[in-house]
Amino acid sequence: MTRIRLIRLMGATGTGKTGAALALAEAFGGAVVNVDSRQVYAGLAVLTAQPTASEQARCPHALYGDTPLSEPVAAGDFARRARVAVADFAAQGYLPLLVGGTGLYFRAIAGGLAPIPPVPAAVRQDMRRQWDSLGPAAMHARLTAVDPDSAAKIAPNDRQRVTRALEVLTATGKPLSCWHREPDPEAPDYDSLTLGLGLPLADLVPRLAARIEAMVAAGAVEEVRRALETYAETVPGLSGIGGPELIGFLTGRLDLEAAKAAWLANTRAYAKRQMTWFRKEPDIQWFAPGEHQAMFEVVRAWLDRSAA
RNA sequence: GCCGAGGUAGCUCAGUCGGUAGAGCAGGGGACUGAAAAUCCCCGUGUCGGCAGUUCAAUUCUGUCCCUCGGCA
């Protein structure tokens, strides 16, 4: 079996990944695989900036809007689904384009996750409950006793990581730090080109503000209102940026201007975190939004080289 | 106009029984192995509303003025 050749396109929110992906797909016979933890959810197409129906009609797309808001998505599951989509597209003769803004998922897809079996929901719930009643100091001390290597790496206040480490040990009998020394046996060996879309935060912020206005105009508020008819406010799919802010507006806790201001501030902070992550991505080649021609040249050169 | 409550970090506020001040949020930087649009770590000098007075020393006490918000007119 030959190595699957694919392009990875990453960048902070609002840098024009969707448009660039379509341009690449049309120029090189590509098919798009989502690598975004929120765009997988159904029912929030506007709020999560999924490609529109007409955009998705321009080339094959996978993993967009196919998961109910009530369902948690774990990085491992996502990676497995993405690998399947990549293999399918490649088998059909398309050039797979992994496109998105979730750094962890990019890493997980290419093989960064240890083969840890799923932790039962009951164990996770129990561990979170213990955290809430015992507090960070006690829980971190407990982790230090049973898995000192993990404890040394995890900040005491980091509820998510401390409980995760304890959950894994409880569910599997093996410390998380041991698991992390094991490679992923399912890790694919892709031949990949990594492209980044970026611009300075100060230049990105006005675009993000404009995008929020556009989302509101396109019905983001109505979308959340409809989601609340079926789902609870606390459902995983509604936890993305914009969700809590618009819920605040819909329940009268915030006026629309305040909701939009918080939404923008959170989006901005998120973009900053994404940049921090992608900045150190190895072998990434950066482009400004809309710089499609320069990107095409790099892709063309890469395709020629790997074809030879 | 009168009576009350306030004017302290970009915002919301705490505090100093007189020795020039600190939280949350915002902002900046960073981390990141199954919640990742998540979670966490580091970074705080600002005429403490103006002016006078008392004092070795005032953001803190006193007087006065200005402004804001309530209530009464």
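Chain identifiers are assigned alphabetically (A, B, ...) following the order of the sequence lines, protein sequences preceding nucleic acid strands; residue numbering begins at 1 within each chain. Note that these values count all heavy atoms, side chains included, but never hydrogens, waters or copies made by symmetry.
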Between P of B:A36 and CH2 of A:W277, the distance in whole Å: 12 Å
Check: A:R8/A:T194 side-chain N/O donor and acceptor closer than 3.5 Å: yes
Nearest-angstrom distance from the residue atom CZ of A:R273 to P of B:G29: 13 Å
Nucleotide of B:C41, B:A38, B:G34 approaching A:L113 most closely (side-chain heavy atoms): B:G34
For B:A26, the Watson-Crick or wobble counterpart (both distances under 3.5 Å): none
Short side-chain N/O contact from A:T276 to OP1 or OP2 of B:C32, under 4.0 Å: no
Pair assignment for B:A5, Watson-Crick or G-U wobble, requiring both distances under 3.5 Å: B:U68
A:R38, nearest nucleotide to its side chain (from B:A36, B:C40, B:G34): B:A36
Residue matched to B:A36 through Watson-Crick or wobble contacts both under 3.5 angstrom: none
Separation of the C1' atoms in B:A14 and B:A9, to the nearest angstrom: 13 Å
N/O donor-acceptor pair under 3.5 Å between A:D147 side chain and A:L176 backbone: yes
Any donor-acceptor N or O pair under 3.5 Å, side chains A:Q130, A:D126: yes
Side chain of A:L104 - closest among B:A35, B:U33, B:A31: B:U33
Residue closer to the 5' end of RNA chain B, A:P115 versus A:A155 (nearest nucleotide): A:P115
Side chain of A:Y105 (C-beta onward), nearest among B:G29, B:U33, B:A36: B:A36
Nearest-nucleotide comparison on RNA chain B, the residue closer to the 5′ end among A:L47 and A:N266: A:N266
Atom-to-atom span, OH of A:Y270 to P of B:G27 - whole angstrom: 16 Å
Polar side-chain contact A:R161-B:U39 base: donor and acceptor under 3.5 Å: yes
Pair A:M127-A:M139, side chain to side chain contact (heavy atoms under 4.5 Å, CB included): steps then yes or no: CA-CA 9 Å; A:M127 205 58 78; A:M139 293 296 270; 4.1 Å; yes
Protein-nucleotide distance (A:E167, atom CD; B:U33, atom C1'), rounded to Å: 14 Å
Nearest-angstrom distance from the residue atom CE of A:M275 to P of B:G28: 10 Å
Donor-acceptor side-chain pairing of A:S239 and A:R38 below 3.5 angstrom: yes
A:L238 CG to B:A35 P, straight-line distance once rounded to whole Å: 18 Å
Per A:N157 side chain, nearest of listed nucleotides B:U33, B:C40, B:A35: B:C40
Nucleotide opposite B:U59 in a Watson-Crick or G-U pair, distances under 3.5 Å: none
Under 3.5 Å donor-acceptor, A:K17 side chain and A:A12 backbone: yes
Atom P, compared across B:G7 and B:G44: separation rounded to whole Å: 25 Å
Options B:G28, B:A36, B:A38, nucleotide nearest the side-chain atoms of A:I241: B:A38
Closest listed nucleotide, where the reference is the side chain of A:T102 and the choices are B:A36, B:G34, B:G27: B:A36
C1' atoms of B:U39 and B:U16, separation to the nearest Å: 36 Å
Selected nucleotide, minimal atom distance to A:L201 side chain, candidates B:A31, B:G28, B:A35: B:G28
Options B:G27, B:C40, B:G34, nucleotide nearest the side-chain atoms of A:D158: B:C40
